[in-house]
Amino acid sequence: MTIRPIIRYPDRRLALPARPVTAFDEFLRELAQDLLDTMRAAPGIGITAPHIGVPLRVVVLELDAKDGARTYVNPEIAWASPEMIMHREGSVSMPGVNDEVQRHERVRISYQDLDGSMHTEESDALRAVCHQHEIDQLDGMFWIQRLSRLKRERLVKKYEKMARSS
């Protein structure tokens, strides 16, 4: 079990687009396991390789124990519903703060598994929100960029105050 340090907002690496995975090897499997261990320790329900300073397009989600953890390599949104929902979001890179973000209600993603096989998955509700949130992160868009400037500034001030007092 390897828990890696999580890089914190406003680290510039969170704003960089991640590179596609091209090698489906032991390094990738170890990275996925480290991401899962790190996410559980954070705690969180989703994490990307960029959250631990690895600029690769890898996402791990664990939304409930019954479904278990899922790893998505090189995920891309293939389709998004026109219907939108609001959902409270946060980040392992900015612990202690969250806010409502508008997202598509349903999405279809294409991705590869740890062996490189292609898959598609359609999701709604929390899983759809997580897919969009984590793919944004892989694209270098931190979740607070989806908020209005006023909300974003308030959230950043709250986070900075919390970080100073801890």
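- Between Pro75 and Glu121 the shortest side-chain heavy-atom distance does not fall below 4.5 Å.
- Just one of Asp99, Asp136, Val129 meets the side-chain contact (heavy atoms from CB on, under 4.5 Å) condition when paired with Glu89; it is Val129.
- Heavy atoms of other residues, nucleotides or ligands lying less than 6.0 angstrom from CZ of Arg154 number 12 at most.
- Remark: Asn98 engages Arg88 in a side chain to side chain donor-acceptor pair (under 3.5 Å) (not counting sequence neighbours).
- Between Arg57 and Glu76, at least one side-chain nitrogen of the basic residue sits less than 4.0 Å from a carboxylate oxygen of the acidic one, meeting the salt-bridge criterion.
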Practice problem: Go through the steps to decide whether Asp11 and Arg13 satisfy the test salt bridge (charged side-chain N to carboxylate O under 4.0 Å, His left out), and finish with yes or no. | Solution: CA-CA 5 Å; Asp11 192 301; Arg13 291 173 289 179; 2.8 Å; yes
Practice problem: Quick one: do Asp113 and Arg70 satisfy salt bridge (charged side-chain N to carboxylate O under 4.0 Å, His left out)? Show the steps, please. | Solution: CA-CA 9 Å; Asp113 61 23; Arg70 295 189 196 175; over 6 Å; no
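- Note that CZ of Arg4 is 10.0 Å distant from CD1 of Ile47, once rounded to the nearest 0.5 Å.
- Put simply, the side chain of Gln137 gets close to the backbone of Leu14: a donor and an acceptor are under 3.5 Å apart.
- Partner Tyr72 forms a side chain to side chain donor-acceptor pair (under 3.5 Å) with one of His131, His119, Gln112 and no other, that one being His131.
- Distance alone, capped at 3.5 Å, places no donor-acceptor pair between the Gln33 side chain and the Glu30 backbone.
- In terms of modelled atom types and a separation under 3.5 Å, the side chain of Gln132 and the main chain of His104 share a donor-acceptor contact.
- Between Phe142 and Tyr9, the angle of the ring planes stays under 30°, which puts this pair in the parallel group of the 30/60° scheme.
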Quiz item: After noting the C-alpha distance and the side-chain angles of Glu153 and Lys157, does the key distance pass the salt bridge (charged side-chain N to carboxylate O under 4.0 Å, His left out) rule?
Solution: CA-CA 6 Å; Glu153 287 172 357; Lys157 281 183 182 156; 5.6 Å; no
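- With a 4.5 Å cut-off on side-chain heavy atoms, Leu126 and Ile45 count as touching.
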